[in-house]
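The structure displayed is predicted, hence computed values, not measured ones.
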Protein chains: 2
Amino acid sequence: MESRPVSIKDVADRAGVAVGTVSNVLNHPARVSSVTRERVQGAIDALGFVRNDAARQLRAGQSRTIGLVVLDVGNPFFSSLARAAEDCAAENGSTVVLGDSGQDADREARYIDVFEQQRVQGMLISPVGDVGPRVEALRTRGMPVVLVDRTDAQRRCSSVSVDDVAGGYMAVRHLLDAGRRRIVFVGTRADYRQVADRLAGARQAVEEHDGAVLEVVEAEAMTVLAGRDVGDGIAQRPRGELPDGVFCANDLLAIGVMQAVLMIHGLRIPEDIALIGYDDIDFSASAVVPLSSVRKPTTLMGRTAVELLLEEIEGPASRRRQVIFDPELVERGSTRAVVGAVG
Amino acid sequence: MESRPVSIKDVADRAGVAVGTVSNVLNHPARVSSVTRERVQGAIDALGFVRNDAARQLRAGQSRTIGLVVLDVGNPFFSSLARAAEDCAAENGSTVVLGDSGQDADREARYIDVFEQQRVQGMLISPVGDVGPRVEALRTRGMPVVLVDRTDAQRRCSSVSVDDVAGGYMAVRHLLDAGRRRIVFVGTRADYRQVADRLAGARQAVEEHDGAVLEVVEAEAMTVLAGRDVGDGIAQRPRGELPDGVFCANDLLAIGVMQAVLMIHGLRIPEDIALIGYDDIDFSASAVVPLSSVRKPTTLMGRTAVELLLEEIEGPASRRRQVIFDPELVERGSTRAVVGAVG
DNA sequence: ACGTGCTAATGAAACGATTCAAAAGCACGA
DNA sequence: TCGTGCTTTTGAATCGTTTCATTAGCACGT
């Protein structure tokens with residue numbers, strides 16, 4: 001009953017040709033006369049032949065597959081990045097397979113191993129911790145690697161990332177432009193480089209502006225609940241000490257702050273407090289007051305990462321490139337200028 | 001400079017043993033004396049040898065990889081399902097590679113092809129449209145397939161899904177138990193089998209209960225904004241005609257309804273209207289009023305899917321099984337009983 | 001010295017597709 | 001008839017690993 005899989009040999013026998021001819025039908029159809037081609041194709045269909053990729057790869061020495069290791073597929077940033085990478089790869093005849101490290105270094109290592117054993121064309125890695133040595137080893141064995149959402153300070157490989165300092169600057173500059181002067185930055189104790197960068201950008205914007213002050217408020221975590229606590233604390237202050245602009249290190253925090261400010265304390269957004277977040281998650285557009293935010297060029301990042309990788313696959317001689325994108329301001333109701341807006 | 005990759009032959013030469021011995025070190029270490037083992041291991045490390053999976057697979061005839069094709073990695077349901085599947089596969093020495101069809105049939109077909117060419121051990125598919133013929137073809141070629149989040153009416157393969165009728169019943173039953181009688185179901189025109197099933201369950205619960213009435217309100221889409229419109233329409237009714245319980249076909253709708261009911265019309269949840277959603281997305285727990293919901297046993301589903309697949313891989317003789325899980329009620333503030341709660 | 005019973009190591013064959021030098025087939029002109 | 005220049009087809013060699021029948025090596029008892 002359970003017969004062994006159909007090979008190119010079986011197809012050749014049935015069509016009455018040599019194996020080389022079948023291979024040519026599959027890979028160089030122009031070399032084969034149309035009558036033979038049709039006979040072979042008929043045999044392929046009749047037998048349900050499916051090419052054995054292992055054998056093909058073994059001979060070819062490399063595959064048409066790109067490995068992508070992400071921190072968390074549940075995070076919308078990574079899922080749309082993956083989508084974009086897949087599209088771009090498909091246009092170039094490659095396929096992306098995804099490995100989710102779940103921020104776990106062991107798991108990350110496992111996927112890197114598996115992909116290397118599979119002889120993928122190259123890897124895109126958004127690393128958990130320090131993948132320096134790892135990447136170094138891959139490169140000595142000739143495996144192209146591009147880092148995603150992280151630069152490589154030692155320039156061992158190309159990378160695609162976002163300038164979070166610019167993003168922080170952009171957000172606070174936007175608040176200042178809307179006439180706000182007493183700015184609060186909400187973030188966690190800056191273990192994450194990302195948060196630290198955003199704060200640095202915020203500082204820079206405030207320092208450029210006479211009369212503006214920046215206060216840093218620390219949240220327990222980067223979640224809605226933590227944001228609600230922070231918002232609660234802020235909104236309880238006496239009227240005269242209220243900030244008029246709040247920049248949160250991500251959208252979840254901002255949504256929490258919004259809930260507290262609006263619901264618990266009855267203040268108005270943006271009239272009393274203008275509010276801006278970071279990441280532009282889907283939810284932000286449909287918050288009670290649509291939330292302004294700072295968006296990473298996710299799609300562009302995914303495409304660029306694949307392009308850099310392909311570049312390196314084609315010509316390994318090419319030098320490493322660190323591509324850093326600027327984020328984009330997304331202006332919504334939570335910071336809309338209110339003076340003269342009706343006019 | 002760019003030397004060809006290190007093969008088992010190179011390792012054998014350096015260690016001064018035969019290739020078969022190196023292979024034994026890798027696959028059957030017990031068969032090799034410890035002194036030889038160490039010498040070979042040393043050569044492996046020194047040369048940076050990485051096993052060529054293509055060659056291994058070619059010989060073995062099958063891989064240790066499971067292909068998972070999902071509708072949308074951005075959807076938390078699928079990302080946690082994938083996570084669970086990966087864990088379960090890892091425990092059994094396999095690796096899951098993920099393909100995101102993005103609800104696109106072509107893309108889905110491409111991933112299925114790629115996985116079949118890669119001779120994966122088996123596939124888990126959450127299908128876009130009608131994959132019947134597709135699955136049929138795979139099966140005749142001996143490829144194990146398990147459907148996810150969908151049953152196979154023709155029982156051509158095993159499947160893992162959720163009983164949405166039971167989920168709908170559960171949600172409305174919960175509202176009834178909390179003393180609500182005028183129930184509204186919010187959903188889209190039921191193209192999705194899932195939504196239709198949830199409504200059917202809701203109907204059933206209401207019919208079992210004397211004096212309870214069910215009204216169906218149609219939303220434009222399954223989004224927060226569409227929910228807000230619906231909530232707006234409901235809350236504008238004269239007090240006497242207000243429902244006292246609302247069941248939304250997903251959490252996004254429910255959050256929209258909540259925003260409209262609370263913010264625009266100043267009604268209270270759950271005092272005036274008890275509200276329950278479906279899916280239990282992360283956001284629900286941190287809504288202004290924490291949202292009750294119906295949760296699918298995502299992790300269990302992922303594990304079970306892998307288990308069914310492995311079962312079929314081991315013994316192809318095993319009959320197909322349709323596993324249907326019951327969803328779980330998650331009770332939060334939006335439906336909390338208010339009478340006597342303080343006591 | 002020789003057989004017995006081990007364990008350890010060997011190396012050729014096999015997996016299935018691709019490649020490529022060589023052969024075959026064919027048309028045409030000399 | 002033969003050579004020339006073309007297109008089409010052939011099939012052996014190759015990729016790197018695993019398997020397995022065989023051989024080698026060694027200790028022990030007779």
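In this structure a side-chain-to-backbone donor-acceptor pair under 3.5 Å is missing from B:Ser94 to B:Ala90. Looking only at distances, no side-chain donor or acceptor of A:Arg155 sits under 3.5 Å from a matching main-chain atom of A:Asp152. Looking only at distances, a side-chain donor or acceptor of A:Arg37 sits under 3.5 Å from a matching main-chain atom of A:Pro29.
Shown here are the salt bridge (charged side-chain N to carboxylate O under 4.0 Å, His left out) partners of A:Arg107, two or more places apart in sequence or in another chain: B:Glu86, B:Asp87. Judged as a salt bridge (charged side-chain N to carboxylate O under 4.0 Å, His left out), and not counting sequence neighbours, A:Asp163 has no contacts. Judged as a side chain to side chain contact (heavy atoms under 4.5 Å, CB included), and not counting sequence neighbours, the contacts of B:Arg134 are B:Ala109, B:Ile112, B:Asp113, B:Val131.
As rounded to whole Å, 22 Å separates atom P of D:dC15 from atom CD of A:Gln118. The CD atom of B:Glu116 sits 15 Å away from the P atom of C:dG16 (whole-angstrom rounding). Between the P atom of D:dC15 and the NZ atom of B:Lys9 lies a distance of 11 Å, rounded to the nearest Å. Atoms CG (B:Asp10) and C1' (D:dT17) sit 13 Å apart, rounded to a whole Å.
In this structure, a donor-acceptor pair under 3.5 Å is absent between the side chains of A:Ser63 and A:Gln57. In this structure, a donor-acceptor pair under 3.5 Å is absent between the side chains of B:Thr151 and B:Gln322. Between the side chains of B:Asn27 and B:Arg51, at least one donor-acceptor pair of N or O atoms lies under 3.5 Å.
In terms of phosphate contacts, A:Ser23 brings a side-chain nitrogen or oxygen within less than 4.0 Å of OP1 or OP2 of C:dT18. At C:dT18, none of the side-chain N or O atoms of A:His28 fall inside 4.0 Å of OP1 or OP2 (strictly under the cut-off).
When the shell of 6.0 Å around CZ of B:Arg321 is examined, it contains 12 or fewer heavy atoms from other residues, nucleotides or ligands.
Residues from residues 45-65 of chain B that place a heavy atom under 4.0 Å from any atom of DNA chain C, listed by number: B:Leu58, B:Arg59.
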**Prompt:** How would nucleotides 21-27 of chain D be written as a contact map, 5' to 3', with B for base contact, S for sugar-phosphate-only contact and - for no contact, using protein heavy atoms under 4.0 Å?
**Reply:** -------

Please list each protein N or O that sits under 3.5 Å from an N or O in nucleotides 6-10 of chain C, with the distance.
residue, atom, partner, partner atom, Å
C:dA9, OP1, B:Ser33, OG, 3.1
C:dA9, OP1, B:Thr36, OG1, 2.2
C:dA9, OP2, B:Ser33, N, 3.1
C:dT10, OP2, B:Ala18, N, 2.8
C:dT10, OP2, B:Thr21, OG1, 2.7

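Among A:Asn75, A:Leu71, A:Val70, the single residue meeting the side chain to side chain contact (heavy atoms under 4.5 Å, CB included) criterion with A:Val73 is A:Val70.
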